Every structure is written in structure tokens, then in C-alpha cells.
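Have a look at the structure below before the remarks.
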Number of protein chains: 2
Amino acid sequence: MRGAPTNAVDIVLCTAHDRQLAVLLVRDEAKRARERWTLPWAPVGARDTLDHTAARIALRAAGARASWLAQAGAFADGSRHPGAAALSVAYVGVTPPRALGPSTGAQWFPAGDLPPMAPRHRAIIDAALAQLRERMDRAPVAFRLLGATFTLSELQAVYELLLGRRLHKASFRRALQAAFLVEPTDEWQSEGRGRPAQLFRYAPRRRRGGRGGVRFELLGG
Amino acid sequence: MRGAPTNAVDIVLCTAHDRQLAVLLVRDEAKRARERWTLPWAPVGARDTLDHTAARIALRAAGARASWLAQAGAFADGSRHPGAAALSVAYVGVTPPRALGPSTGAQWFPAGDLPPMAPRHRAIIDAALAQLRERMDRAPVAFRLLGATFTLSELQAVYELLLGRRLHKASFRRALQAAFLVEPTDEWQSEGRGRPAQLFRYAPRRRRGGRGGVRFELLGG
DNA sequence: ATAATTAGTAGCTAACTGCAACTAATGTCA
DNA sequence: TGACATTAGTTGCAGTTAGCTACTAATTAT
């Protein structure tokens with residue numbers, strides 16, 4: 001038996017559950033009691049591209065295609081990996097909340113309450129969630145966390161969840177309207193009590209050139 | 001001999017040269033005539049961390065530590081790599097313009113005029129330069145491209161280089177002052193003709209909470 | 001009916017951006 | 001030596017955008 005190249009693709013698939021981010025984990029029967037859950041992963045095939053491998057893993061674990069998926073980096077430190085891979089290429093993805101397929105023993109865990117896991121998977125999750133927050137202003141992550149139609153309050157809640165802070169309703173809507181990212185549908189959603197909310201769909205029209213200014217606010221370290 | 005995973009760390013080290021980004025390449029004697037130049041790279045050691053390996057490669061190729069260095073992703077497609085590595089972990093870094101050490105046959109090439117290279121290295125460079133531009137508002141990339149002290153006109157020129165568009169002098173300086181990122185020194189720099197410019201140093205004081213708003217401008221695809 | 005709850009809008013103020021015009025300090029050249 | 005070119009740096013103005021408060025609108029609960 002040749003010492004096959006032990007590279008793995010590990011994916012962090014996220015959804016919004018009950019005003020909190022949740023991560024999809026799968027049961028690993030081969031593991032000792034302390035680390036029963038792992039990120040969905042597979043060895044890197046010699047044929048497939050990394051992106052395609054990641055999409056396949058996500059599809060199998062969640063029972064549906066990830067609505068957004070991007071590479072989150074390579075991890076080789078803290079080498080304990082469920083498959084003993086020397087190196088992991090991590091991916092981060094999102095999907096709207098939906099029923100899991102009956103496929104495997106996959107389950108959503110709140111990001112703030114994860115079970116014991118291999119050290120590398122813990123590090124990958126931390127990095128993946130941080131990247132989700134960093135990339136949300138360059139990729140439509142928030143929209144991919146929602147279904148095809150959504151209310152503006154739901155969209156704002158997703159932004160608040162990812163940003164970790166409250167936003168002002170009027171300002172949020174003005175900025176959204178100025179960006180030509182959504183269009184209204186004919187439908188309204190009654191959520192029990194309160195006035196029904198109009199449903200919108202993600203339909204980006206124009207990109208407004210970036211508005212010239214420079215962003216110094218996030219620097220400082 | 002075990003078929004160990006042939007993973008490599010490849011680094012894209014950049015500097016600002018003559019109002020253009022330049023990439024450090026090293027001569028590869030073992031290569032056929034068409035691809036004499038490669039990115040600095042090394043196989044991944046079983047002991048070292050990826051970050052440390054990357055720092056070591058940069059130090060050896062440039063003769064000085066990179067002033068900023070970050071992982072840019074894993075590349076396994078288009079498998080032609082100078083060392084036939086199955087997978088490359090790419091890093092992107094910057095350094096102030098300075099004389100190269102006498103170490104190896106390393107040389108700066110303008111980013112817009114690169115010699116023929118292995119397809120994977122070409123892809124890595126494209127991705128690395130894109131990430132440099134994307135990360136400059138979250139990491140002090142622009143400041144690390146300059147020396148310890150610099151004039152505000154030099155800083156603005158670096159920002160214009162990375163952003164690919166002109167900025168307005170007054171607005172740039174007002175935003176910089178509001179961010180408390182630089183402090184003036186006692187020194188002034190006479191650049192030949194024109195009024196001498198005061199030298200500043202990078203000394204971030206406080207981070208101004210991100211100013212609340214949401215960035216929709218960069219979305220749209 | 002009345003209150004509670006959620007959706008959505010309008011107006012004010014403060015801050016920021018881009019622009020143009022200005023002053024300041026140096027070198028160049030007649 | 002004095003006008004001019006060149007680069008540095010600031011100021012004031014107008015248009016835009018952000019956050020805030022307060023308002024109206026539509027539904028369910030009691």
C-alpha cells in the first residue's frame with residue numbers, strides 16, 4: 001500500500017437558525033467518545049478540482065447544493081484530523097435553512113455551542129466563520145442564507161447576525177434601495193401578529209462604482 | 001520511498017516599483033527555456049507550520065523579512081508546478097522597495113509584464129494580486145509597502161496603485177486623520193523641486209468602531 | 001373597540017465626500 | 001533677483017449619506 005497523499009477538503013456549511021449561525025456536522029462512527037462529530041470532509045481526488053470536491057461534499061452532507069461556497073484556506077497545523085490528513089483545504093458555504101436530507105447522520109449545531117471536535121476542525125470553523133463575516137460585503141452571503149424571497153426584516157436580521165450588531169431600519173433600507181440589489185414581488189407575508197411584510201427577491205441591477213472613498217476604519221492593528 | 005503528498009508553499013511577494021506593482025521571481029535553472037522563472041517556493045515540511053514555511057521562503061528569496069504576509073489559498077488545478085507538487089498553498093506578501101540580497105537569482109518583475117511561467121503560478125499570481133486589493137482595507141497592506149516613515153503623498157500614491165484609481169488629496173487626508181492611523185515625525189523630505197513634505201509613521205491609535213453602516217456597493221453579482 | 005406588534009416612511013441633524021480655490025515652501029531659469 | 005513652475009498642505013462650500021426620532025399603516029390578541 002502506497003502512502004497516498006493525505007490531503008483533505010473539509011467544509012463548514014452554515015445556515016441561520018433561530019437568530020444564530022449553525023454549522024453542519026456529521027457523525028463519525030469510527031471516533032472515540034470524545035469526538036463523535038466532524039466537519040463533512042473527503043480526501044482530495046487526483047482528478048477532481050478542489051472546488052468541485054467541496055461542492056460534492058456539501059451536496060452529500062446537506063442533501064442540497066450549497067447556495068454559496070468559497071475556499072477558506074489551507075490548514076496543516078495542529079495535525080489531528082479525523083482522517084489523519086496531513087493538510088486540509090477548508091471551504092465555507094451557506095445554505096438557506098431547510099430540512100436535511102435523510103442521507104447521513106448530519107445535524108446542525110449552533111456556532112456558539114459546538115460539541116468536542118478535532119483541534120484542526122475547531123480552528124477551521126473559527127476561521128471560516130470569521131471569513132463569512134469578512135466576505136459578506138463582497139459576496140452575496142446574506143442573500144444566499146435566505147430563500148428565493150424574503151422580507152426586508154429577515155434580510156436585516158441576517159445582516160445583524162453576521163455583523164454582530166444592531167442596524168437601524170430606515171438607514172438599512174435606504175442603503176439597500178440605493179444599491180439596486182432587490183426588487184419587490186407581488187406577495188406579502190403574514191407572520192402572525194403585526195402588519196404583513198412585502199416579499200422581495202435578490203435581483204442586482206447595477207453596481208454603483210464603489211463611491212470613491214477609502215476605508216480606513218477597519219485598520220488599526 | 002513512500003509516495004508522500006507533494007505539497008508546496010508558493011509565495012507572491014510584492015513591492016511598489018515605479019508606480020507599478022512588482023512581483024519577486026527566482027530563476028529556475030532546471031527548467032526548459034520557456035519557463036525560466038518561478039515564484040519562490042518550497043515543499044511543505046512535516047514539522048513546520050505553513051505560515052513559518054512561507055516566512056522562511058520570503059526571507060530567503062528577498063533577503064529580508066516580508067513586512068506583511070498572509071495565506072492566499074490552495075491551488076491544485078492546472079497541475080503544472082515547477083516542483084510537480086500536487087497541491088500548492090499560496091501566500092501573498094509585501095515588502096518596501098529595497099535592494100535585493102545577493103542570495104539567489106531573484107528579480108522584481110512588473111506585475112503587468114511577467115515572463116512565461118507555469119500555469120499554476122500564473123493563476124496564483126492573479127489570485128494573490130486580487131487578494132492584495134481586497135484585503136487592503138482590513139490589513140495595513142499599503143503601510144507595509146512603504147518604509148518606516150513616508151510622506152502622505154507617497155501613501156496616497158500606494159493607495160491609488162492598489163485601488164487602480166485616483167483619489168482626492170484633501171479627502172484622503174481628512175479620512176486618514178479621522179482614523180488616527182499615522183503620526184507626524186519631526187522630519188521633512190525634500191524631493192528635489194517643490195515644497196518639502198513632512199514624514200509620517202504608521203502608528204494606529206484607536207479603531208473607530210466601523211461607523212455602523214452596511215456596505216452594499218460591492219455586491220451585485 | 002382598544003392595545004400590542006410588526007412593517008414601512010418622513011424629516012431633521014451631523015458627518016463625510018468631492019470639488020475648487022487658496023496659501024506655503026522649495027527649485028529653476030531668465 | 002525676481003518671476004515661474006512644482007509640490008505640499010489647508011480651507012470653505014455644496015451635495016450626499018448616515019443615524020436618530022417620530023410618525024403612519026396593517027394586522028392579531030383581548
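Here is the naming used below: chain letters follow the sequence lines, and residue numbers restart at 1 for every chain. Not measured: the values here are computed from a predicted model.
- Between Y202(A) and F143(A), the ring-plane angle classifies as parallel under the 30° and 60° cut-offs.
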Which atoms of nucleotides 5-9 of chain D (N or O only) lie under 3.5 Å from a protein N or O atom, and what are those distances?
| unit_1 | atom_1 | unit_2 | atom_2 | d |
| --- | --- | --- | --- | --- |
| dT7(D) | O2 | R195(B) | N | 3.0 |
| dA8(D) | OP1 | S153(B) | OG | 3.2 |
| dA8(D) | OP2 | S153(B) | OG | 3.1 |
| dA8(D) | N3 | R195(B) | NH1 | 3.3 |
| dG9(D) | OP1 | Q198(B) | N | 2.7 |
| dG9(D) | OP2 | R173(B) | NH1 | 3.2 |
| dG9(D) | OP2 | R173(B) | NH2 | 3.4 |
| dG9(D) | O5' | R173(B) | NH1 | 3.2 |
| dG9(D) | N7 | K169(B) | NZ | 2.4 |

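- Which of dG18(C), dG19(D), dT11(D) sits closest to the side chain of S171(B) comes down to dG18(C).
- Using a 4.0 Å cut-off, no side-chain N or O of S190(B) falls inside it from OP1 or OP2 of dT26(C).
- Rounded to a whole Å, the CG atom of L176(A) is 14 Å from the P atom of dT17(D).
- Atom CG in L167(B) sits about 8 Å away from atom P in dG18(C), given to the nearest Å.
- In this structure, D51(B) does not pair ionically with R56(B), as no charged nitrogen and carboxylate oxygen lie closer than 4.0 Å.
- The distance between atom CZ of R165(B) and atom C1' of dT17(C), rounded to the nearest whole Å, is 12 Å.
- Atom-to-atom, CG of L163(B) to P of dT17(C) comes out at 14 Å; the value is rounded to the nearest Å.
- Using a cut-off of 4.0 Å between Lys/Arg side-chain N and Asp/Glu carboxylate O, E183(B) and R205(B) are scored as salt-bridged.
- Between H17(B) and W108(B), the angle of the ring planes lies from 30° to 60°, which puts this pair in the tilted group.
- For the pair F172(B) CZ and dC16(C) P, the computed distance is 16 Å after rounding to whole Å.
- Atom CG of L114(B) sits about 12.0 Å away from atom NE2 of H121(B), to the nearest 0.5 Å.
- When rounded to the nearest whole Å, the span between CD of E217(A) and P of dC16(C) equals 9 Å.
- Look at R165(A) and E160(A) and you find no salt bridge, because none of the NZ, NE, NH1 or NH2 atoms lies under 4.0 Å from a carboxylate O.
- Atom CZ of R166(B) is separated from atom C1' of dT17(C) by 17 Å (rounded to the nearest Å).
- One N or O donor and one acceptor, one from the side chain of R174(B) and one from the base of dG12(D), sit under 3.5 Å apart.
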